[in-house]
Enquirer: 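Below is the structure I would like to discuss, written out as structure tokens.
The shown structure was predicted, so the numbers you read here are calculated from the model rather than taken from an experiment.
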Amino acid sequence: MRTLRAVRESPLALRLLFINQFGVDIGFYLLIPFLASYLGHDLGLSAALVGLVLSVRNLSQQGLFVVGGSAADRFGARLVIIAGCALRTAAFALLAFGNCHALLLTASVLCGLAGALFYPAVRTHVAHESGDRAAEVFALLNVFSTSGSLVGLLLGGLLLLTDFRPWALAGAAVFTVLTVAQAVALPPRGASGARERVLGGWRECLGNRRFLCFCAATGSLFILENQLYVLLPEGARKVSGWSGSASVLLASGALATLLFQFRITRTLERRGGGARWVAAGIALMGLGFVPPLLICDATPPEEGTAVPGLLVMTGGSLLLYFGGMVAYPSVMELVPRFGRARLTGTYFGLFSLLSGATAALGNVVVGWAMDLGDRTRRPWLPWLACLFLGLASAAAVACLHRAHALPVRPAAAVRRAEDAGVPGPVRLPGQAPAPDDVPESPPR
């Protein structure tokens, strides 16, 4: 299989990051989706306290992504990756032993902070170490992430039949091993050279209008992706009458990602890759809501009609997965190209922060559309809203591409310069200068 061969041919450090991503997503989806049940039923916390614990975890992760990215720029991605894994070890151990409010809140904060450190640092390390193979490496990272989330959800089903604490301890043990392995195997590279002023780096990123427009244009990618856990499972349950139908959607998507992600990315790379495919991928994600839209107002399933309805929903979810396979690696490859290499982590962190905020707002909108559709007997409303979001986002990215507002690859820039008879790379209007053109920033 091409994917396995590509993994074997990757450097040891990248292979370790793939395994780490797999383990992180197993641990997350093994415990976090079932944490509310544990806190409410096993520990007897009130619904308000359960919501507080979960909200603190989510807020500490989403709100600190930019801090994790800046830390990767300032101290090197390797150190931040190791710190993120170690913090998640401590968080899972506290979840296993904590039975008071203070310990549980501390565990939630540590779990969120671990994610805020880990994800931007891993992307920074990949961007620095993979060179012109960045899109392919991000594709492999997506394969391991999707596979890990599926395995975690499946194992989490067993958790409901047993005690939460042994599983939390098992997760802590896995993260302990991964922390030690990374400390030994990750090369001491990934820092971006001279240390940047943190606030100065944030101002530079926030002042990059092309980057902010790109974040806004691609926001629907993450809104639609989240519907794999919100709208699509609910729709599949309604048309099939089976509460376990969501597992079919996730399993089929994970299998498709495993089989086709790397193949799709490599094919697109041979056809130019990069910015030209992002809009097409997001549009395909939006079109994934068309099959469910066509059957969402069907009558409740009768005997013999549940399977066809579930097949239609599975087809829609697969379109969503395939669109993500097209768009996601190219988006990740483009993010650091908006600015200097010394701010790669900051750009990834800010992108994750803005994407998470957009996804949260989008979930509110989709949830409101679901409620409104139920009240007004217009079940097509949320599906139509997601279709509109996908097509509007794709159109916005296409406009940015046509306006040459998206960064080009260095090789493409050199070819443009040669064709125009101009020595050296072409710099687009508003594009950040190359690292060699920028004076060193004094350490803070």
Side-chain angles (χ1 to χ4, degrees), residues 3 18 21-37 58 115 119 139-161 167 171 220-264 281 284-293 295-296 301 306-329 359 362-363 366-367 370 382-383 386 390:
T3 302
F18 297 152
Q21 184 71 62
F22 183 70
V24 163
D25 281 288
I26 287 179
F28 181 86
Y29 286 96
L30 171 65
L31 295 180
I32 298 303
F34 307 97
L35 181 59
S37 176
N58 187 63
Y119 288 105
L140 293 174
L141 206 63
N142 190 40
V143 169
F144 280 85
S145 176
T146 304
S147 303
S149 63
L150 175 65
V151 172
L153 287 170
L154 293 177
L155 290 177
L158 299 177
L159 184 149
L160 295 176
L161 305 176
W167 291 92
S220 291
L221 188 157
F222 302 95
I223 296 174
L224 301 183
E225 183 184 53
N226 276 0
Q227 303 318 307
L228 288 167
Y229 308 100
V230 183
L231 181 58
L232 279 163
E234 179 64 16
R237 185 191 63 78
K238 287 182 177 179
V239 301
S240 69
W242 177 37
S243 60
S245 56
S247 60
V248 177
L249 307 185
L250 295 173
S252 60
L255 181 61
T257 302
L258 180 62
L259 293 176
F260 298 109
Q261 172 69 89
F262 187 74
R263 187 175 306 179
I264 288 172
L284 185 58
M285 293 178 73
L287 293 175
F289 293 89
V290 172
L293 176 63
I295 66 168
C296 63
V307 172
L310 183 57
L311 288 177
V312 172
M313 287 291 177
T314 303
S317 69
L318 285 175
L319 285 176
L320 189 59
Y321 271 105
F322 276 106
M325 290 183 225
V326 171
Y328 179 79
N363 280 339
V366 174
M370 292 172 68
W383 306 100
C386 290

Enquirer: Rounded at 0.5 Å granularity, tell me how far CZ in Arg263 sits from CE in Met325.
Expert: 11.0 Å

Enquirer: So how far is it from Leu287 CG to Leu293 CG, rounded to the nearest 0.5 Å?
Expert: 11.0 Å

Enquirer: Which heavy atom of Leu320 sits nearest a heavy atom of Phe289, and at what distance?
Expert: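 So the two residues come closest at CD1-CE1, 4.0 Å.
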
Enquirer: So Phe322 and Phe260, would you call those rings parallel, tilted or perpendicular, with 30° and 60° as cut-offs?
Expert: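 Taking Phe260 first and then Phe322, their aromatic rings sit tilted (interplane angle of 30° to 60°).
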
Enquirer: Say you draw a straight line from CG of Leu250 to CG of Leu255; how long is it, rounded to the nearest 0.5 Å?
Expert: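 Here the interatomic distance stands at 12.5 Å.
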
Enquirer: Quick one: closest heavy-atom pair of Pro292 and Gly288, and the distance?
Expert: CD-O, 3.3 Å

Enquirer: From Leu141 CG over to Phe22 CZ, what is the distance, rounded to the nearest 0.5 angstrom?
Expert: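 CZ of Phe22 is found 13.0 Å from CG of Leu141.
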
Enquirer: Could you walk me through whether Thr257 and Asn142 satisfy the side chain to side chain contact (heavy atoms under 4.5 Å, CB included) test, starting with their C-alpha distance in whole Å, then the side-chain angles of each, then the deciding distance to 0.1 Å, before giving a yes or no?
Expert: CA-CA 8 Å; Thr257 302; Asn142 190 40; 4.3 Å; yes

Enquirer: For the CG atom of Leu224 and the CG atom of Leu319, what is their distance to the nearest 0.5 Å?
Expert: 12.0 Å

Enquirer: Search all heavy atoms of Ala256 against all heavy atoms of Leu318 and return the closest pair with its distance.
Expert: CB-CD2, 4.0 Å

Enquirer: Would you give the length of the straight line joining atom OG1 of Thr146 to atom CG of Leu258, rounded to the nearest 0.5 angstrom?
Expert: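 Here the rounded value is 9.5 Å.
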
Enquirer: Would you check if Ile264 and Val326 make a side-chain contact, meaning some heavy-atom pair closer than 4.5 Å?
Expert: yes

Enquirer: Which atoms form the tightest heavy-atom contact between Leu249 and Ala236, and what is the distance?
Expert: CD1-CB, 4.0 Å

Enquirer: Looking at side-chain heavy atoms only, is the closest gap between Ser220 and Met285 below 4.5 Å?
Expert: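 They are not in contact (no side-chain heavy atoms under 4.5 Å apart), so the answer is no.
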
Enquirer: Begin from the C-alpha positions of Val239 and Val312 and carry the test side chain to side chain contact (heavy atoms under 4.5 Å, CB included) through to its verdict.
Expert: CA-CA 9 Å; Val239 301; Val312 172; over 6 Å; no

Enquirer: Test your reading of the model: is there a side-chain donor-acceptor pair from Ser147 to the backbone of Val143, 3.5 Å cut-off?
Expert: yes

Enquirer: Side chains of Ser149 and Asp25 only: does a donor on one sit below 3.5 Å from an acceptor on the other?
Expert: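 Their side chains do not contain a donor-acceptor pair, so the 3.5 Å distance test is not met.
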
Enquirer: Closest approach of Trp242 and Ser247, non-hydrogen atoms and distance?
Expert: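 Taking Trp242 first and Ser247 second, the nearest heavy atoms are CH2-OG, 4.3 Å.
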
Enquirer: Within a strict 4.5 Å, meaning less than it, do heavy atoms of the Gln261 and Thr3 side chains meet?
Expert: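 Side chain of Gln261 against side chain of Thr3, heavy atoms only: no contact under 4.5 Å found.
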
Enquirer: Indicate the atoms forming the closest heavy-atom contact of Ser317 with Ser252, along with that distance.
Expert: OG-OG, 4.3 Å

Enquirer: Are any of the side-chain heavy atoms of Gln227 and Cys386 separated by less than 4.5 Å?
Expert: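 When only atoms from C-beta onward are counted, Cys386 and Gln227 do touch, with a gap below 4.5 Å.
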
Enquirer: For side chain to side chain contact (heavy atoms under 4.5 Å, CB included), just list the numbers for Leu284 and Tyr321, CA-CA rounded to whole Å, side-chain angles, deciding distance to a tenth of an Å, and then say yes or no.
Expert: CA-CA 9 Å; Leu284 185 58; Tyr321 271 105; over 6 Å; no

Enquirer: Does Tyr119 form a side chain to side chain contact (heavy atoms under 4.5 Å, CB included) with Gln21? I'd like the steps, not just the answer.
Expert: CA-CA 9 Å; Tyr119 288 105; Gln21 184 71 62; 3.4 Å; yes

